[in-house]
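Below is one structure; the comments refer to it alone.
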Amino acid sequence: MNNPDVLLSVQALSAHYGNVLALSPLNLEVQRGQIVTVIGANGAGKSTLLNAIMGALPQRGHSRGAVLFQGQDVQGWDIERRVGRGMSLVPERRELFASMSVRDNLLLGGFRLYRAGVKGWRDTLTEVYALFPRLKERAEQAAGTLSGGERQMLAVGRALMARPALLMLDEPSLGLAPRVVREIFQTIAHLRSTGVSILLVEQNARAALHVADRGYVLETGELILEGAATDLADNPRVIESYLGLGRT
Ligand code: ATP
């Protein structure tokens with residue numbers, strides 16, 4: 001029977017690129033209202049995991065297993081349909097339209113709602129601007145001229161324009177200065193309070209475990225640990241591999 005508290009349930013999900021196994025069959029769950037993080041080093045399979053959940057693996061990539069979203073198996077659905085159902089992914093490369101304005105990038109994020117005749121997309125734009133006042137200030141500026149932090153805000157803002165129930169973030173801290181990372185993570189925590197559930201994959205284990213409710217540790221395509229984020233932050237194995245001195 002479906003548990004209504006479970007927003008996302010990934011069951012025996014595996015992924016291959018051609019014949020090469022990138023993710024071993026794994027199980028993962030996101031409950032409504034939670035921030036769940038998956039921490040792992042370079043090449044552990046974090047992006048592969050999010051792309052497999054979103055149905056966005058690149059060519060030669062394919063996955064097996066079940067992805068249950070709000071109780072429905074969405075494996076086999078295309079990305080558009082998953083977005084329509086309330087899933088949203090902010091990819092690591094952020095994939096903005098560089099020559100288009102900040103505002104137009106945001107409007108594209110809400111295009112599906114607009115096309116479907118859903119009222120209130122203007123309100124969503126106002127909400128996104130309230131969340132990221134800097135985007136409002138720079139509304140007419142070309143996205144390609146934004147700073148790294150502002151680009152990340154725009155990528156998150158664009159995903160929010162589709163009003164997702166689940167926001168998946170692929171290394172939002174990548175390449176950002178510590179102060180900007182703090183800002184982004186504060187926003188992530190704030191989003192949870194507005195009812196968005198979040199699946200966050202990160203190399204920055206310290207920041208991710210600080211903000212998350214639960215966490216998983218991914219090593220070479222396998223989930224080797226899971227638990228409450230506070231417990232993981234105290235786990236000697238996590239401390240040694242991911243939280244050692246010198247890491248931020
Ligand atoms: P990073 O933090 O460096 O982005 P990651 O944890 O997100 O790493 P993935 O990008 O998911 O890791 O990569 C997992 C494994 O799959 C790596 O061994 C990588 O070389 C391989 N891989 C990723 N994308 C492809 C692809 N398009 N074709 C073939 N192999 C790939």
Side-chain angles (χ1 to χ4, degrees), residues 8 10-30 35-67 74-75 78-79 82 87-96 148-149 151-152 154-156 159 166-178 180-181 184-185 188 198-212 214-227 229 232-233 235 237-244 246-248:
L8 176 76
V10 165
Q11 296 169 4
L13 185 71
S14 63
H16 286 79
Y17 293 107
N19 295 323
V20 181
L21 181 72
L23 278 187
S24 301
L26 54 82
N27 300 328
L28 175 148
E29 203 173 89
V30 178
I35 298 177
V36 174
T37 188
V38 176
I39 58 172
N42 275 129
K46 303 183 298 300
S47 301
T48 302
L49 173 60
L50 290 191
N51 286 328
I53 293 172
M54 195 64 194
L57 284 170
Q59 265 193 344
R60 292 180 54 73
H62 53 99
S63 64
R64 285 209 195 101
V67 177
V74 302
Q75 266 285 50
D78 61 18
I79 299 176
R82 295 186 207 212
M87 301 170 78
S88 197
L89 169 65
V90 180
E92 187 178 312
R93 284 181 303 283
R94 295 161 202 177
E95 289 169 14
L96 301 168
R151 254 179 262 176
Q152 184 59 263
L154 179 54
V156 174
L166 176 69
L167 183 64
M168 294 188 275
L169 300 169
D170 193 350
E171 292 204 43
S173 76
L174 194 75
L176 303 181
V180 184
V181 171
I184 296 279
F185 277 81
I188 293 171
I198 291 162
L199 180 58
L200 165 71
V201 313
E202 261 298 342
Q203 259 190 81
N204 186 335
R206 190 180 300 282
L209 289 174
H210 186 68
V211 77
R214 288 185 60 74
Y216 294 83
V217 179
L218 186 64
E219 276 182 11
T220 50
E222 287 184 43
L223 289 179
I224 57 150
L225 283 172
E226 67 171 281
L232 285 180
N235 182 302
R237 190 163 170 186
V238 174
I239 293 172
E240 190 187 332
S241 301
Y242 301 98
L243 300 174
R247 288 177 190 261
T248 53

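Hydrogens, waters and symmetry mates are skipped; everything else that's a heavy atom, side chains included, is used. Read the numbers this way: they start at 1 and go in the same order the structure lists the ligands and their atoms. Along the sequence shown, the residues carry numbers beginning at 1.
For the pair Val90 and Ala155, the tightest heavy-atom approach, listed with the atom from each and the gap, is CG1-CB, 3.6 Å. Closest non-hydrogen pair, Met168 versus Leu50, comes out as SD-CD2, 4.0 Å.
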Table please: side-chain donor-acceptor pairs of residues 12-27 below 3.5 Å, with sequence neighbours left out.
residue, atom, partner, partner atom, Å
Tyr17, OH, Thr48, OG1, 2.7
Asn27, OD1, Ala12, N, 2.7

Check residues 215-227 and write down every donor-acceptor pair under 3.5 Å in which the side-chain atom is one partner and the other belongs to a residue at least two apart or another chain.
residue, atom, partner, partner atom, Å
Tyr216, OH, Glu29, N, 3.0
Glu219, OE2, Tyr242, OH, 2.9
Glu226, OE1, Arg214, NH2, 3.1

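Not a single side chain to side chain donor-acceptor pair (under 3.5 Å) links Gln152 to another residue, sequence neighbours left out.
The 4.0 Å heavy-atom shell around ligand 1 contains residues Tyr17, Ala22, Ala41, Asn42, Gly43, Ala44, Gly45, Lys46, Ser47, Thr48, Pro58, Glu92, Glu171, Gln203, ordered by chain and number.
No donor-acceptor distance shorter than 3.5 angstrom exists from the side chain of Gln203 to the backbone of Glu171, with no hydrogens or angles considered.
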